[in-house]
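To start, the structure itself, in structure tokens.
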Amino acid sequence: MKKKGPPEIDRYPYNLIYFPDLHKNKGLTMADWNSEWVAKIKEALTALADEKNIEIGDIESRLKGARPPKADMGDIAFPLFPFAKEFRSAPPQLAAEVAARLGESPLGKARAMGPYVNIFLERDQIISDTLARVLADEESWGHNDSLKGRKIMIEFSSPNTNKPLHLGHLRNDALGESSARILRVNGADVQKVILVNDRGVHICKSMLAYKKFGQGETPESTGIKGDRLVGDYYVKYAQWAKEDPTAEAQAQEMLQKWEAGDREVRDLWEMMNRWTLEGIGKTYEKTHISFDRYYYESQLYMLGRDIILKGLEEGVFYKAEDGSTRIDMGEIGLDTKVLLRSDGTSVYITQDIGTAISRHGDWPFDQLIYVVGNEQDYHFQVLFHVLKKLGYDWAESLYHLSYGMVNLPEGKMKSREGTVVDADDLVADLSELALEEIRSKGREDEVEDPRATADAVSLAALHYYLLQVSPKKDMIFNPKESLSFNGNTGPYLQYMAARICSMERKAREMGWDLEKKTVDGTLLTGDEEWELAGILADFPRTVEQAGRDHNPSLITAALYNVAKVFSRYYHDNPILNNENLDLAMARLQLSLAVLRMLRSGFDLINIPFLAKM
RNA sequence: GCGCCCAUAGCUCAGCUGGAUAGAGCGCCGGACUUCGAAUCCGUAGGUCGCAGGUUCGAAUCCUGCUGGGCGUACCA
């Protein structure tokens with residue numbers, strides 16, 4: 001039964017007595033196996049040093065396990081370069097000595113491979129255990145309590161009420177929604193909030209244009225979505241302002257009336273804001289974005305002034321010669337910043353200061369995250385610094401989830417240049433293409449509702465495309481490519497999940513017991529099966545890291561990885577079509593575990609799951 | 001001018017706190033459907049990791065300088 005030497009590994013008979021820790025602790029992951037081996041190698045190195053009468057420094061900080069470049073080189077690799085000098089021997093020789101000392105154990109087997117000590121883990125038990133745990137977890141594989149007890153508020157989207165959402169918002173929304181979901185499954189108590197920019201001169205501009213040219217038309221009378229209708233008037237204003245030099249002054253005048261509470265202006269404002277918000281709300285609904293709390297700038301813009309004045313009294317800020325109230329940020333290497341104008345009125349950042357404090361009063365968070373583009377990096381540096389200087393303890397954990405611009409292949413996306421990609425249009429185009437794909441594959445009869453399925457596929461395409469890129473980098477959104485549904489895409493992931501579902505249905509029809517939670521790992525001896533188990537086992541740590549780093553792209557990468565490996569596995573290995581029913585069952589269970597991870601992950605990156613597509 | 005960010009295959013992107021031969025997808029070329037869903041799978045080709053130094057046993061990864069690009073740098077929001 002036993003074979004000798006790498007790349008094959010010796011296999012122990014399935015027997016829990018070899019794994020007392022495993023039996024007790026259902027939460028062991030690859031990382032735990034890693035630390036087990038760190039301890040063992042540390043022991044070996046210490047003993048070796050004693051034997052040779054060598055003084056040795058701290059071992060643990062230098063002993064770092066990594067994944068070997070190839071599967072047949074083992075599961076964990078420990079480079080021994082850092083110890084070579086102290087032992088006065090070449091790393092390969094040292095590796096050989098350490099490996100000899102470690103030998104074999106129920107935890108697996110150590111082999112010297114060049115300057116590395118490579119560990120070949122005992123596979124059967126880990127596979128059995130991992131799959132059993134995934135299957136026991138229903139749809140929640142990857143969930144953990146690393147952020148348990150933390151209250152986190154996350155603000156994203158920040159729409160203006162003078163125009164519809166565009167591609168930039170879609171990236172913002174995708175990041176915000178996904179980050180919130182990730183934080184939640186890490187155990188945090190999360191509040192998703194939106195700040196609606198519903199006041200200011202830019203809002204008045206669309207109002208002014210409507211008043212001049214609108215002739216009383218409404219979303220109902222025109223059949224145009226409210227946000228689009230209002231946006232059209234914003235564009236109309238810009239055209240008109242080119243010809244009429246008094247336009248800007250008229251807009252300012254309207255703003256003053258608004259601030260004075262002028263009835264007519266306020267009525268118009270309320271009506272048009274409602275149109276926009278209803279329209280934008282439909283977009284959120286369509287893209288599965290939601291908020292727990294709405295904040296409106298019109299209700300907040302006066303906040304912050306009293307806090308600045310108080311800070312001035314306390315000497316946190318100072319009065320400049322020109323009469324403005326400022327903060328000196330020399331200690332963090334920045335210039336001074338105006339917090340109140342010389343006439344005592346607020347500037348933009350004043351309200352942000354007030355808003356943050358007010359929100360903490362509404363819901364005392366441990367952390368507040370702002371999902372805002374990187375063009376505001378400086379703004380948030382200042383904001384956070386001011387709040388710290390004001391002495392709020394929660395100011396230390398404020399976080400700006402900064403992301404890069406979304407560009408189009410043909411050039412930069414600038415709203416003034418009219419090349420913005422409208423969010424609704426984009427989603428509709430994607431859906432249309434998905435529908436064509438469904439038709440051309442002749443699957444209209446298979447799926448219950450082709451239109452709804454196409455919508456789900458389009459969301460997968462969109463969100464995956466937007467989230468696969470590291471947030472802080474600028475990205476190029478290629479509509480054509482996102483629509484291709486080939487390769488490294490959201491629909492690819494959906495397709496893998498749908499295929500597993502299809503197997504699940506078949507198995508159910510055949511009367512197999514899919515509730516069975518124990519898995520016979522001794523039957524899953526293939527390298528791909530081992531690789532899949534490893535990916536599954538690592539997922540909770542990936543989710544944890546994605547939460548810690550505020551980086552959903554770690555989730556997309558893990559999902560693509562599992563889907564790709566599974567896809568090859570599925571292609572090369574019969575699962576249900578297997579004469580050995582026990583093997584068929586074990587492979588199906590592995591497949592179902594993969595499905596669990598996919599579904600759990602889909603939820604985190606806002607990709608709809610489809611049982612059929 | 002000053003500050004922050006970015007630079008990896010033709011294109012779009014990965015590359016975890018420095019570790020073995022830098023990976024995917026798209027595109028190109030060539031294979032695989034009487035068999036669990038071909039929206040799939042496999043293979044070939046494609047790289048001076050922007051440039052130059054430095055730290056280290058070891059650098060795409062850390063440090064410095066430079067080049068190129070982006071964004072800021074308002075008593076705008």
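The chains referred to below are lettered A, B, ... by the order of the sequence lines, with proteins before strands, and numbering in each begins at 1.
Atom CZ in A/Arg62 sits roughly 15 Å away from atom C1' in B/G19 (whole-Å rounding). Taking atom CG of A/Leu255 as the reference point, atom C1' of B/A77 lies 11 Å away to the nearest angstrom. In this structure, the CD atom of A/Glu375 is 13 Å from the C1' atom of B/C4, given to the nearest Å. Atom P of nucleotide B/G15 and atom CG of A/Asn488 are separated by 12 Å, given to the nearest angstrom. Atom pair A/Ile575:CD1 and B/G37:P shows a separation of 10 Å (rounding to whole Å applied). The distance between atom CZ of A/Phe380 and atom C1' of B/G72, rounded to the nearest whole Å, is 14 Å.
No contact: A/Thr542 has no heavy atom under 4.0 Å from any strand. In this structure, A/Asp474 reaches the sugar-phosphate backbone alone: every heavy-atom distance under 4.0 Å involves primed, P, OP1 or OP2 atoms, never a base. Residue-level contact check: A/Pro68 touches the bases, meaning some heavy atom is under 4.0 Å from a base atom. Within the nucleic acid shown, A/Ala558 has no heavy atom closer than 4.0 Å to any nucleic acid atom. Contacts of A/Ala320 with the nucleic acid, taken as non-hydrogen atoms under 4.0 Å apart, are absent. Across all strands shown, A/Pro82 has heavy atoms under 4.0 Å from base atoms, whether or not it also approaches the sugar-phosphate. Nucleic acid contact class of A/Ala507 (heavy atoms, under 4.0 Å, all strands): none. Residue-level contact check: A/Asp352 touches neither bases nor backbone, having no heavy atom under 4.0 Å from any strand. No engagement by A/Gln494 is indicated, since no non-hydrogen atom pair under 4.0 Å with the nucleic acid exists. In this structure, A/Ile476 reaches the sugar-phosphate backbone alone: every heavy-atom distance under 4.0 Å involves primed, P, OP1 or OP2 atoms, never a base. As judged by a 4.0 angstrom heavy-atom cut-off over every strand, A/Gln381 is placed among residues making no nucleic acid contact.
Between A/Glu446 and A/Lys441 there is no salt bridge, since none of the side-chain N atoms of the basic residue sits less than 4.0 Å from a carboxylate O of the acidic one. Comment: A/Asp513 does not engage A/Arg508 in a salt bridge, judged by the lack of any side-chain N to carboxylate O separation of less than 4.0 angstrom. Between A/Glu437 and A/Arg443 there is no salt bridge, since no side-chain N of the basic residue sits under 4.0 Å from a carboxylate O of the acidic one.
Within 3.5 Å, a donor on the side chain of A/Asp322 pairs with an acceptor on the base of B/C75, or the reverse. Looking at A/Asn118, its side chain comes within 3.5 Å of the base of B/A20 through a donor and an acceptor atom. Between the base of B/C75 and the side chain of A/Ser342 there is a donor-acceptor pair shorter than 3.5 Å.
Base-pairing analysis of RNA chain B finds the following stems of at least three consecutive Watson-Crick or G-U pairs, with both pairing distances under 3.5 Å: B:1-7 with B:67-73, B:10-13 with B:23-26, B:29-32 with B:40-43, B:50-54 with B:62-66.
Heavy-atom nearest nucleotides on RNA chain B were determined for A/Glu481 and for A/Thr489, and the one closer to the 5' end corresponds to A/Glu481. Both A/Arg326 and A/Ala498 lie near RNA chain B, and the one whose nearest nucleotide falls closer to the 5' end is A/Ala498.
The side-chain contact (heavy atoms from CB on, under 4.5 Å) test with A/Phe477 is passed by exactly one of A/Leu170, A/Val469, A/Leu426, A/Asn407: A/Leu426.
The side chain of A/Lys473 places no N or O atom within less than 4.0 Å of a non-bridging phosphate oxygen (OP1 or OP2) of B/G70. Phosphate contact (OP1/OP2 of B/G37, side-chain N/O of A/Lys506, threshold under 4.0 Å): present. Of the side-chain N and O atoms in A/Thr345, none sit less than 4.0 angstrom from OP1 or OP2 of B/C75. The side chain of A/Lys64 places no N or O atom within less than 4.0 Å of a non-bridging phosphate oxygen (OP1 or OP2) of B/G19.
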Kindly indicate, with the supporting measurements, whether the criterion side-chain contact (heavy atoms from CB on, under 4.5 Å) is fulfilled by A/Val338 and A/Thr325. CA-CA 6 Å; A/Val338 171; A/Thr325 304; over 6 Å; no

Under the criterion side-chain contact (heavy atoms from CB on, under 4.5 Å), I'd like the reasoning laid out for A/Lys506 against A/Trp512: C-alpha separation, chi angles, the key distance, then a yes or no. CA-CA 9 Å; A/Lys506 284 223 161 66; A/Trp512 291 21; over 6 Å; no

In sequence, state the C-alpha distance, the side-chain angles, and the governing distance for A/Ser431 and A/Arg451, and then conclude on side chain to side chain donor-acceptor pair (under 3.5 Å). CA-CA 8 Å; A/Ser431 183; A/Arg451 173 50 70 184; 3.2 Å; yes

side-chain contact (heavy atoms from CB on, under 4.5 Å) between A/Ser567 and A/Met496: does it pass, once the steps are laid out? CA-CA 7 Å; A/Ser567 193; A/Met496 287 310 138; 3.2 Å; yes

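Within the 4.5 Å cutoff, the side chain of A/His379 has no heavy atoms near those of the A/Val382 side chain.
As rounded to the nearest Å, B/A52 and B/C57 have P atoms that lie 23 Å from one another. As rounded to the nearest Å, B/G37 and B/A32 have C1' atoms that lie 16 Å from one another. The same atom, P, is picked in B/G27 and in B/C66; the two are 42 Å apart, to the nearest Å. Taking atom P on both nucleotides, B/G70 is separated from B/G25 by 31 Å, rounded to a whole Å. Across the C1' atoms, B/G18 and B/C4 are found 25 Å apart, a figure rounded to whole Å. Comparing the same atom, C1', in B/C16 and in B/G23 gives a spacing of 14 Å after rounding to whole Å. When the C1' atom is compared between B/C42 and B/C49, the two are found 28 Å apart, to the nearest whole Å. Annotation: B/A45 and B/G15 have their C1' atoms spaced 22 Å apart (nearest Å).
Applying the 5.5 angstrom centroid cut-off and the 30 degree plane-angle cut-off, the aromatic ring of A/Tyr378 is not stacked upon the base of B/G3.
In this structure, the nucleotide among B/G15, B/A77, B/A14 sitting nearest to the side chain of A/Leu554 is B/G15. Distance from the side chain of A/Met503 is smallest to B/C36 among B/C16, B/C36, B/A20. You'll find that the side chain of A/Leu576 is closest to B/C36, out of B/A77, B/U12, B/C36. The side chain of A/Lys612 sits closest to B/G37 out of B/C16, B/G37, B/A77.
A/Tyr318 does not carry A/Arg326 over the face of its six-membered ring by the limits of under 6.0 Å from the centre and within 45° of the normal.
Below 30°, between 30° and 60°, or above 60°: for A/Tyr234 and A/Tyr237 the angle between ring planes is below 30°, a parallel geometry.
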Produce the list of close N/O pairs, under 3.5 Å, pairing protein atoms with atoms of nucleotides 38-41 of chain B; give distances to one decimal.
residue	atom	partner	partner atom	Å
B/A38	OP2	A/Arg499	NH1	3.1
B/A39	OP1	A/Tyr495	OH	3.4
B/U40	OP2	A/Asn486	OD1	3.2
B/U40	O3'	A/Ser567	OG	3.1
B/U40	O2'	A/Arg499	NH2	3.4
B/U40	O2'	A/Ser567	OG	3.4
B/C41	OP1	A/Tyr492	OH	2.6
B/C41	OP1	A/Ser567	OG	3.4
B/C41	O2'	A/His571	ND1	3.2

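There is no side-chain donor-acceptor pair under 3.5 Å between A/Asn273 and A/Thr276. Inspection of the A/Ser298 and A/Asp198 side chains reveals an N or O donor paired with an N or O acceptor under 3.5 Å.
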